[in-house]
Amino acid sequence: MSEQIYYTDLLESDVIISSKGNETDIPASNSKKYYIESYGCQMNVSDSEIVAAVLNKSGYQGTADEKEADLIFLNTCSIRDKAEQTVRNRLMHLSHLKKTKKGLVVGVLGCMAERLKSKLIDEEKLVDLVAGPDTYRDLPRMISDVDGGQKSVNVLLSREETYADIAPVRYSSNGVTGFISIMRGCDNMCAFCVVPFTRGRERSRSAGTIVQEAEEMVRQGYKEVTLLGQNVDSYRWAEDEKLKGKNLIDAKYEEGVINFSRLLEMVAQVSPSLRVRFSTSHPKDMSDDVLEVMSRYDNICNYIHLPVQSGSSAVLERMNRSYTKEWYLNRIAAIRKYIPNCAISSDIITGFCGETEEEHQETLSLMDEVQYDLNYMFFYSERPGTLAAKKLIDDIPEDVKKRRLEEIIAKQNQHALQRHRQQIGTKQIVLLEYTARRSDQQLVGRTDGNKKVVIAKDGWKIGDYVEVEITDCTQVTLFGNVLKKLDL
Ligand code: SAH
Ligand code: SF4
Ligand code: F3S
């Protein structure tokens, strides 16, 4: 089982996740074999599970070994230039494989497919198929076009597609934790961000199908679900026929509309043994209602990812984030009021267009004020077509961006260590998720607050909830002794 790394705080690595198929979890068939690799955010991991479901239904068979695959799909990310470079390097490597394997089909899925469209086929000669994030139902047809000797491109974005009726095949999952996409796309137009262009308009998925999927996960033995959306706080769904399929963000009437706090409550009620997480919360939209629901349910984790991006109101305005530093700090205060022990994480971009030294200092001082448990930190990478690329100048020299990023990382490391030290001597409920990479005699799990904990394996099993006394820590990991197993 591979350890999943989401955003990384290391400068040199921009691959956010790379999950590989686990053969045993994929239903067998008698046809061609496919292999999927996911880059980017959790949404891509979740989408790859939809792709696997579509392909399995058409009789293809998943494999965890790229060498035995007839079809290789890379589900790609465009968020920063480096993310795209990583995929291009991977494609270069695959060109060797393609030379030795006649008939091998290479497909690019996801955000890079959407951003570059058919240009990708001109630039990367070995690519046979380019499929944008809303076109995965069309993959079987596209594959047969390729089998017929053509290249195939479908990058149509949809206002309705949510894949609500497709049961994902969680092929790389540990059987304990999984994702449910509750919405797709994004309408926010943050100036730096390519996502609205690669993922299209925001749309919510039917609440009923989300709850059904959570119930199915419980039946399959899952213990934790993460609800995914680029801005979960703008989730809106009406079960009412009249309102269905409308862009309910703009709907005048709220009656009969399920918002995120209601959805969260509905998922929390599925089972007390299913922990619920969600990502990402947007500071401009995160309401007290959501915090109030979190405070009432023990199985909603006390953890919020609330990306600030910058501690300077002037930079936030240039970023088109629609909130000020004061507003953001007011949201932090609200979290602390409703859930005093809530863990909080963020994303920070350093070196955005025109960022002065003073504005950079404001980010450092906001970090001191909030004392984040975790931060995903990046330097600004201009993305073609975004508002910033069109209207602002990417004028901060790379060495300055990197120096500022190092200062931010150094501060975060201090805060993470302090936060971890505060945990020593406390008792935490830990869900055990996988065997440690360093020793098969250790298991790794996470606390309610999303902190990684390493324990001695003894008789404990992956999927157990255990009460752990925290005894030691580094800035990335807690260590502890299991006191007892909990029956939740
Ligand atoms: N929807 C989420 C973010 C998704 S992208 C939100 O609004 O918070 C994940 C993170 O990548 C962003 O929060 C941002 O910090 C970073 N990011 C996005 N575009 C970037 C760019 N052009 N350069 C550097 N980092 C970027
Ligand atoms: Fe990008 Fe902003 Fe949408 Fe997040 S909210 S995906 S940063 S445009
Ligand atoms: Fe990357 Fe697309 Fe996610 S750009 S971060 S894979 S939405």
Side-chain angles (χ1 to χ4, degrees), residues 6-9 11 14-19 37-48 74-84 86-87 108-116 132-134 157 179 181 183-202 228-235 249 278-286 304-310 315-316 318-323 328 345-353 355 363 375-389 392 394 396 398 401-402 404-405 408:
Y6 301 123
Y7 309 113
T8 163
D9 24 15
L11 281 171
D14 239 325
V15 186
I16 302 167
I17 187 168
S18 174
S19 66
E37 216 167 80
S38 298
Y39 296 83
C41 61
Q42 291 135 312
M43 197 69 87
N44 259 11
V45 179
S46 175
D47 278 4
S48 292
L74 305 187
N75 196 356
T76 60
C77 175
S78 286
I79 201 82
R80 286 168 287 276
D81 184 55
K82 210 146 167 211
E84 290 198 351
T86 307
V87 170
V108 174
L109 316 176
C111 291
M112 245 175 114
E114 194 59 55
R115 194 178 85 73
L116 293 163
D134 288 345
L157 285 170
F179 301 117
S181 292
M183 56 208 295
R184 299 181 70 81
C186 185
D187 284 348
N188 286 308
M189 288 291 178
C190 300
F192 50 80
C193 185
V194 78
V195 173
F197 304 94
T198 62
R199 295 261 164 185
R201 296 302 299 269
E202 182 182 283
L228 294 180
Q230 294 299 348
N231 173 2
V232 291
D233 301 295
S234 60
Y235 176 87
I249 303 291
F278 53 88
S279 189
T280 300
S281 302
H282 198 303
K284 82 181 164 69
D285 294 323
M286 191 196 66
I304 295 189
H305 183 54
L306 193 70
V308 68
Q309 313 298 357
S310 168
V315 174
L316 288 169
R318 293 201 291 281
M319 288 178 164
N320 199 29
R321 285 288 284 182
S322 311
Y323 55 86
Y328 183 87
S345 64
S346 173
D347 295 343
I348 291 178
I349 298 178
T350 186
F352 185 64
C353 308
E355 186 187 66
T363 299
N375 234 315
Y376 302 99
M377 300 156 284
F378 316 98
F379 61 77
Y380 174 57
S381 161
E382 187 178 82
R383 308 311 294 130
T386 54
L387 291 183
L392 300 172
D394 180 14
I396 309 301
E398 191 153 319
K401 284 182 183 173
K402 286 191 171 162
R404 289 181 186 169
L405 182 58
I408 282 171

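Here the structure is a predicted model, which is why all the values come from computation and not from measurement. Whatever order the structure lists them in is the order used to number ligands and atoms, beginning at 1. Residue numbers start at 1 and run along the sequence shown.
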Residue selection (non-hydrogen contact nearest atom 19 (N) of ligand 1) among Phe352, Phe192, Phe378, Tyr376:
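Shortest heavy-atom distance from atom 19 (N) of ligand 1: Phe192.
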Where the closest heavy atom to atom 3 (C) of ligand 1 is concerned, which of Arg383, Arg80, Gln230, His282 has it?
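Closest candidate by heavy-atom distance is Gln230.
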Are the side chains of [X] and [Y] in touch, meaning some heavy atoms are under 4.5 Å apart?
X      : Y      : answer
Arg184 : Asp47  : yes
Tyr328 : Met286 : no
Arg404 : Phe379 : no
Lys82  : Ser381 : no

Where ligand 2 meets Arg321 - atom numbers and elements under 4.0 angstrom, heavy-atom basis:
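Heavy-atom distances to Arg321 below 4.0 Å select 2 (Fe), 7 (S).
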Does some non-hydrogen atom of Val195 fall short of 4.0 Å from ligand 1?
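Flag not set, Val195 not near ligand 1.
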4.0 Å heavy-atom contact, Thr280 with ligand 1
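Right, Thr280 reaches ligand 1.
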So which of Asn375, Ile349, Ile348 actually passes side-chain contact (heavy atoms from CB on, under 4.5 Å) with Ile408?
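Passing option: Ile348.
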So which heavy atom on Thr350 is nearest to which on Leu405, and how close?
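Closest heavy-atom pair between Thr350 and Leu405: CG2-CB, 3.5 Å.
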Closest contact, heavy atoms only, Tyr380 versus Cys353
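Of all heavy-atom pairs spanning Tyr380 and Cys353, the closest is CE2-SG, 3.7 Å.
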Has the side chain of [X] got a donor or acceptor atom that lies under 3.5 Å from a matching backbone atom of [Y]?
X      : Y      : answer
Tyr39  : Asn44  : no
Tyr376 : Pro307 : no
Asp233 : His282 : yes
Thr76  : Leu109 : yes

Quick one: which ligand 3 atoms are inside 4.0 Å of a heavy atom on [X]?
X      : answer
Cys111 : 2 (Fe), 4 (S), 6 (S), 7 (S)
Cys77  : 1 (Fe), 4 (S), 5 (S), 6 (S)
Asn44  : 6 (S)

Counting only heavy atoms closer than 4.0 Å, does ligand 1 sit against the backbone of [X], its side chain, both, or neither?
X      : value
Gln309 : side chain
Arg321 : side chain
Pro307 : side chain
Ile79  : both

Let's go through Lys401 and Phe378 carefully: what are the C-alpha distance in whole Å and the side-chain angles of both, what is the deciding distance for side chain to side chain contact (heavy atoms under 4.5 Å, CB included) to 0.1 Å, and is it a yes or a no?
CA-CA 9 Å; Lys401 284 182 183 173; Phe378 316 98; over 6 Å; no
Check if Gln230 has a non-hydrogen atom at a distance under 4.0 Å from any atom of ligand 3.
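The answer is yes, since Gln230 has a heavy atom less than 4.0 Å from ligand 3.
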With the threshold set at under 4.0 angstrom, would you say Ser78 reaches ligand 3 through any of its heavy atoms?
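Within the 4.0 Å threshold, so yes.
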Ignoring water, what protein N, O or S atoms are under 2.8 Å from atom 1 (Fe) of ligand 2?
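Listed by chain and number: Cys193 SG.
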Below 4.0 Å, non-hydrogen atoms only: which portion of Met43 touches ligand 3? Side chain, backbone, both or neither.
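Looking at Met43 and ligand 3, no heavy atom falls under 4.0 Å.
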Would you mind telling me if ligand 3 is within reach of the side chain of Cys41, the backbone, both or neither, using heavy atoms under 4.0 Å?
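Both the backbone and the side chain of Cys41 come within reach of ligand 3.
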Just to verify, what does Lys284 make a salt bridge (charged side-chain N to carboxylate O under 4.0 Å, His left out) with, not counting sequence neighbours?
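Residues passing salt bridge (charged side-chain N to carboxylate O under 4.0 Å, His left out) with Lys284: none at all.
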